[in-house]
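Encoded as structure tokens, the structure appears first; notes follow it.
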Amino acid sequence: MIDLGRLRALHAVASYKTVLAAGEALHCTPSAVSQQLAKLERETGITLVEKDGRGLRLTEAGRLLAQHAERVLATVGEAEAALAAHRDTVVGRLTVVAFATACRALLPWALHKLAADHPQLSTGLIEANPHEGLEALHRGHVDLAVLDDWPEVALRYPPGIAHVELGWDVADLIVPSGHRLRDTTTLAEIGDERWISAKTGDICREWLVRVLPGVQPDFHVGEFETQLTLIAAGLGVAIIPRLARPALLPDGVRIVGIDPAPRRRVVIAWREAAAARPAIKAAERALRESWAQASAARASRTVNAPA
């Protein structure tokens with residue numbers, strides 16, 4: 001019988017291309033991965049890897065077995081989730097990856113709720129942009145992902161990843177208080193502004209340069225609150241989602257609505273093999289409650305309230 005741990009090592013090498021990367025994914029040394037591969041070759045009587053310069057590459061037989069290993073490991077994951085679902089108690093470890101705004105606006109309440117309701121569940125949180133978060137989820141580094149997904153630069157979900165919509169987050173234009181624009185504008189009217197945007201590689205910046213072709217932001221700032229301080233200093237304008245705005249805007253800025261309003265979809269994602277795991281379901285419930293509270297707080301603020 002083929003050892004499951006050795007199949008994991010082969011699958012990791014096939015997925016991550018190097019023994020070093022496979023070891024990092026499996027939380028072991030490259031030497032341990034190589035030993036598992038050697039044992040698997042003795043176990044099967046077939047050469048599965050061969051030297052490629054200073055690294056290794058899979059043989060044709062290795063690639064064939066790696067394809068079967070992927071299906072076997074997915075089935076094992078489903079079995080583990082089914083067994084976990086059989087228990088009434090939410091236990092174990094749950095690591096969440098989320099974009100920055102969700103880390104600040106949604107996860108504190110949700111993680112506190114999980115800790116209070118399920119004391120035998122240990123949780124962790126990693127901040128990452130949605131592309132990185134989706135990749136971490138796909139590779140099994142985290143259990144759950146909270147992602148922002150703009151229709152104009154929509155995410156591509158890999159096979160084996162399930163996702164559900166948490167809700168939609170509207171974005172507004174934030175300008176200095178004395179700006180020429182009135183209370184409402186259109187994207188066509190604001191292309192010539194001096195722009196403050198998220199950093200290169202962030203999905204919010206990708207969205208901005210997609211919907212406003214030719215825009216070249218002068219300021220590249222990851223934190224929305226820092227963007228607001230730059231706007232207050234009269235240095236430019238920015239489009240900021242409402243979930244990312246603080247309860248009280250700083251002095252010196254004003255909100256201008258955009259017609260039609262830009263919106264991003266906030267999504268929860270997990271691996272299909274873990275769908276039956278009680279911790280996943282409990283986390284989804286907590287995040288939906290947190291979203292409802294955050295939405296109610298946003299609705300209570302007047303969009304064009306004075307700064």
Side-chain angles (χ1 to χ4, degrees), residues 1-19 21-29 32-33 35-37 39-40 43-44 48-49 58 62-98 110-111 114 118 120-126 128 130-147 155-166 267-287:
M1 180 178 294
I2 298 176
D3 181 83
L4 187 62
R6 295 164 195 167
L7 281 182
R8 289 189 191 278
L10 180 68
H11 179 257
V13 171
S15 299
Y16 302 109
K17 309 306 180 186
T18 69
V19 172
E24 291 176 351
L26 296 174
H27 306 290
C28 64
T29 65
V33 174
Q35 291 175 17
Q36 290 284 67
L37 294 176
K39 291 178 181 178
L40 184 59
E43 192 173 54
T44 59
L48 301 172
V49 295
L58 298 185
R63 290 192 294 272
L64 176 65
L65 185 56
Q67 292 173 0
H68 285 281
E70 183 172 7
R71 293 194 291 270
V72 169
L73 294 173
T75 300
V76 170
E78 291 172 359
E80 291 173 343
L83 286 174
H86 189 68
R87 296 194 297 263
D88 293 331
T89 305
V90 178
V91 298
R93 173 77 177 177
L94 182 83
T95 302
V96 181
V97 64
L111 293 178
L114 286 173
H118 309 289
Q120 296 185 55
L121 178 67
S122 171
T123 57
L125 176 62
I126 299 172
H131 297 299
E132 295 170 341
L134 195 54
E135 180 69 11
L137 178 66
H138 186 224
R139 293 191 173 194
H141 295 171
V142 299
D143 304 295
L144 193 76
V146 184
L147 312 166
L155 295 174
R156 295 182 180 180
Y157 296 90
I161 298 297
H163 64 280
V164 295
E165 179 183 304
L166 195 58
V267 172
I268 309 172
W270 57 84
R271 290 184 300 282
E272 291 177 351
R277 187 180 169 197
I280 297 292
K281 296 179 178 180
E284 181 186 356
R285 288 193 298 270
L287 282 164

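Excluded from the calculations below are hydrogen atoms, water molecules and symmetry mates; all remaining heavy atoms, backbone and side chain alike, are included. Please read these numbers as outputs of a predicted model, since none were measured by experiment.
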Heavy-atom pair with the smallest gap, counting every atom of Ala275 and Lys281:
O-CE, 3.6 Å
For a 4.5 angstrom cut-off between non-hydrogen side-chain atoms, does Val90 reach Leu114?
no
Which atoms form the tightest heavy-atom contact between Gly133 and Ala145, and what is the distance?
O-CB, 4.3 Å
Is any side-chain heavy atom of Val96 closer than 4.5 Å to one of Thr123?
no
Apply side chain to side chain donor-acceptor pair (under 3.5 Å) to Arg8 and His11, showing your working.
CA-CA 5 Å; Arg8 289 189 191 278; His11 179 257; over 6 Å; no
I need the minimum non-hydrogen distance between Arg271 and Val142, along with the two atoms involved.
NH1-O, 2.6 Å
Side chain to side chain, Leu65 and Leu7, heavy atoms closer than 4.5 Å
yes
Determine, step by step, whether Leu144 and Leu137 satisfy the side chain to side chain contact (heavy atoms under 4.5 Å, CB included) criterion, reporting the C-alpha distance in whole Å, the side-chain angles of both residues, the deciding distance to 0.1 Å, and the verdict.
CA-CA 7 Å; Leu144 193 76; Leu137 178 66; 5.7 Å; no
Could you tell me if the side chain of Val267 sits less than 4.5 Å from the side chain of Val146, heavy atoms only?
no
Ala74 and Ala273 have their tightest heavy-atom pair at O-CB, 3.8 Å
Salt-bridge present (Arg93, Asp143; N to O < 4.0 Å):
no
Please step through side chain to side chain contact (heavy atoms under 4.5 Å, CB included) for the pair Val49 and Val19, ending with a clear verdict.
CA-CA 11 Å; Val49 295; Val19 172; over 6 Å; no
Locate the shortest heavy-atom distance separating Ala9 from Leu26; write the atom from each residue and the value.
CA-CD1, 3.9 Å
Would you say Arg63's side chain and Leu58's backbone share a donor-acceptor pair under 3.5 angstrom?
yes
Gln36 side-chain N/O to Leu10 backbone N/O, donor-acceptor pair under 3.5 Å
no
To the nearest 0.5 Å, what is the distance between CG on Leu111 and CG on Leu94?
8.5 Å
A side-chain contact here means heavy atoms from C-beta on lying under 4.5 Å apart; do Thr95 and Ile126 qualify?
yes
Strictly below 4.0 Å, N to O, side chains only: are Arg139 and Glu135 in salt-bridge contact?
yes
So CG of Leu37 and CZ of Arg6: to nearest 0.5 Å the spacing works out to 10.5 Å
So, for Ile280 and Ala274, which heavy atoms are closest and what is the spacing to 0.1 Å?
CG1-O, 3.6 Å
Looking at side-chain heavy atoms only, is the closest gap between Trp270 and Arg277 below 4.5 Å?
no
Should Ile268 and His163 be marked as a side chain to side chain contact (heavy atoms under 4.5 Å, CB included) after you check the CA-CA gap, both sets of side-chain angles, and the distance that decides it?
CA-CA 6 Å; Ile268 309 172; His163 64 280; over 6 Å; no
How long is the straight-line distance from SG of Cys28 back to CD of Gln35, given to the nearest 0.5 Å?
9.5 Å
Contact check, side chains of Asp3 and Lys39, non-hydrogen atoms, under 4.5 Å
no
Inter-residue atom distance Ile2.CD1 - His68.NE2, 0.5 Å rounding:
9.5 Å
Indicate yes or no: at least one non-hydrogen side-chain atom of Val97 is less than 4.5 angstrom from one of Leu134.
no
Check against side chain to side chain contact (heavy atoms under 4.5 Å, CB included), Leu147 and Leu155:
CA-CA 9 Å; Leu147 312 166; Leu155 295 174; 3.9 Å; yes
